[in-house]
Amino acid sequence: MPELPPNPLREGLLAARRPEPLTFVLFGGGGDLSHRKIAPALYNLAVDRLLPDQFAVVGVARQKWDDAAFAKEMAEGVAANSRRQPVDQSIWSALAEDMHFVTGDFADAATYRRLGKALADLPVGRNRLYYLATPPQFYEDIVRGIGTIRRGEGFSRVVVEKPFGRDLESAKKLNACIHEVFAEEEVYRIDHYLGKETVQNVLVFRFANSIFEPVWNRNYIDQVQITAAESIGIENRASYYERAGAMRDMLQNHILQLLCLTAMEPPGDFSPDAVRDEKVKVLRAIRPVERADLVRGQYTAGWAAGERVPGYRQEEGVAADSETETMVAARLQIDNWRWQGVPFYVRAGKRFPKRVTEIAVEFRPAPHLPWQGATDELRANAILIRVQPDEGITLSFGAKVPGQAVRIRSVDMDFVQGTSFTADAPEAYERLLLDAMTGVPTLFTRHDEVETAWSLLAGVLDDAGGAVQPYEAGGWGPPTAEALTARDGRYWRRP
Amino acid sequence: MARRGLVWQAEDASLGAVEAALRRAARQPAEAGTPAPPPRSRALTLVMVADGEDERRADAVARLALRHPLRAILVARLPDQGGPALSARIRRHDHPGQGSAIIAEEVDLRVRGELADHLGQLLAPLLLSELPAIFWWVGDPPLRQPVFAELCRLCDRGVIEVRDPADLAAVPDAHRIDEVTWRRLAPWRDKVAALFDPPDHRAAAHDVRSVDIAHGEGGAVAAHLLGGWIASRLQLRPRAVHLRPLGGDGPRGLAEATLTTGAGHDYRVRATANGEHATCHRPDGHLPRVRLGALSVGEAVDQVLSGPPDPLWPPALEAAQAIASGGHSVR
């Protein structure tokens, strides 16, 4: 096939990231994710002139909607959830004009015949981005259904939401199913944490500054703690959460991704495979998690945010004898030159005292302090990367308290993303949707990342990880979680 | 939106007093009775120079500071009709939604007489140490005067707005001096490029032989720059670019760009009367109406502050200069 000549007028344009003409096929177009995240993301991309001129959205779901009803549902999602308010109706109307809807069951072959006809009738060209915003049990049906209509397309990509499988075996099976229809470079496994500005800033912080990287290793760092805490319970997601639990919902994906960015070696460039290769190297260097290094907890009734809240087993839709963990804490060890002997303590959970996600890097104490008795208030030097809320970076170090005598205490120097750059940053979904449309998979997880992450947890999923330990809602987890750090002579930081 | 608060002012100021006031302002609490100064972030110095005063410049600072925390030095060059050579005012912009963090320090300087022609010496001590300094000359820039050269030497980069095509030839060092009209043309360039995006039309881009650009009042510089960009990208001689001024009753600004191939096929972008949308045409038919809307001046300057110099600008300017000089090739 002869090589396509470049468009000399397109090259070098600042708007070169605009996708080519494209149809965005949204499976689960009637669902919560489409309403809360995808519709607002599409609108904000349109405001920023980042959608192609020829762009159509085709929703697919079981609701008996026509095109107008689908567009209205999406409009309500934008009105309720867009970061930009009020909604610019002229921009939204232009986008909504090209919204279409196909009603159908994901397991029914007729749905895909109707979808194929609807796509063929659209004057938007042959490029397609399929987005699976459905519960995971439909993924295989949908991918096979797409396989029946994938003929004569331009580029074709599929975006898959987490959870990607529920263990190593099911992840491999799902990967195999997807690879029957899509090549790996056409598959975009989304972990929305990677679309967050601060998460991307971890790599910038580490690899664009020469003052941090020289001390970013076992010679200077004592421990790393990663916390992803939510103050809310499971809300209305019992059916999902009962099957997932904190390990599948947070540890296997978000937490391990944050760990990879914290621990990886600098990539040679920011190309998709250069970054993902380095992340996979970290995952492969982590020792598989053993039962002794893991704590599973489940919240009981208590007080959270000033309100009396029920325990997990009393939540609607949860089994009275449920063994699903609502928190998980683990001690991870990376076997390589940079990190040997440095523990990575990670924890994630619901009904914790506050909503916070952060990476804390604590440094070893100075080898000798010449001020005897003056350093009682000096804590370990630390770099704290706050992912949410109040995204930013804090450097904690010792300073002299003014006065005649020498007294040293820890002070914090704060970089707050929101005060340095007060304009609204794009939402994670905006960044990731644009990346998928333009074919940039750097911030998406590759199949070997997913499978290696599952393999690390293979020995501790569900009951293999030990019985769930109760903890009172509004606390940081069961006492056994404290013991994970205490046995090493350390303690969990208070975020 | 940011709030503005007066910190200090002096009708007859010395440069040393301005510097001292800036140092004091850094330690001043956000509000009376609060002990500590608010956090402050700074990424660059923006020097805005204009002949005369205009409060809209401070509004522009407030908007730009949301994305680029900065020290803004607003210089108003005033006619020498007596009065002190230098009057100064310092205000700071804070953001109530972000813990009253200071996002902009605004140094307002009114400069009269000879001092107005020696801005380099005046401004050098006020630039933030080591951070990028960018000037924005608001209004017609005195491209051929020493004061402009002095600003170019002082700052890392600059942005101007050329109003007369004849002045394009005087723009110095396009690698450091950006231009507002060029940035505002981004949607036009995107639409023209989009004509050749489909694989079936890629080859036609390499076969374009002539370009016709129609423009209304106020669109001459834009027409030159659009033509210069197309000529530089497609390796066309300047004489292949024809600019066609429309009568006074036509639309303002750019109206239409037609690229004709050696096979006689036309590729066209035509703006609607209000310039908000465009209809595009390829030899195989018309395309749906698309959003066009030129960038605002503020958006254009925001682009300049946001990223590195645009590598397409120097060759486009060079070709536009050749078009303006009557079609003498610059190659």
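Below, read A as the first sequence line, B as the second, and so on, with proteins coming before strands; counting in each chain starts at 1. None of the values given here were measured: they were computed from a predicted structure.
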Quiz item: Just wondering, are more than 12 heavy atoms of other shown residues or ligands nearer than 6.0 Å to CZ in A/Arg126?
Solution: no
Quiz item: Quick check: does any side chain N or O of B/Arg202 sit under 3.5 Å from a backbone N or O of A/Pro6, one acting as donor and the other as acceptor?
Solution: no
Quiz item: Among all residues two or more places apart in sequence or in another chain, which pass the salt bridge (charged side-chain N to carboxylate O under 4.0 Å, His left out) test with B/Lys191?
Solution: A/Asp53
Quiz item: Does the B/His206 side chain pair with the main chain of A/Asn7, one donor and one acceptor, at a distance under 3.5 Å?
Solution: no
Quiz item: Within a reach of under 6.0 Å around CZ of B/Arg176, are more than 12 heavy atoms found that belong to other residues, nucleotides or ligands?
Solution: yes
Quiz item: Are B/Asp190 and A/Arg49 close enough for a salt bridge, meaning some N to O gap below 4.0 Å?
Solution: no
Practice problem: Mind listing the closest non-hydrogen atom pair of A/Leu9 and B/Ile230 along with its distance? | Solution: CD2-CA, 4.3 Å
Quiz item: Would a 4.5 Å heavy-atom cut-off, applied to side chains only, mark B/Arg291 and A/Ile91 as touching?
Solution: yes
Quiz item: Any idea which of B/Pro187, B/Ala193, B/Cys280 has the most non-hydrogen atom pairs under 4.5 angstrom with chain A?
Solution: B/Ala193
Quiz prompt | Contact class of B/Leu70 relative to chain A, heavy atoms under 4.5 angstrom | solution = neither
Self-check item: Euclidean distance, A/Arg10 CZ relative to B/Asp197 CG, rounded to 0.5 Å
Solution: 4.0 Å
Exercise. Evaluate whether atom NZ of A/Lys117 has more than 12 neighbouring non-hydrogen atoms of other residues, nucleotides or ligands under 6.0 angstrom away.
Key: no
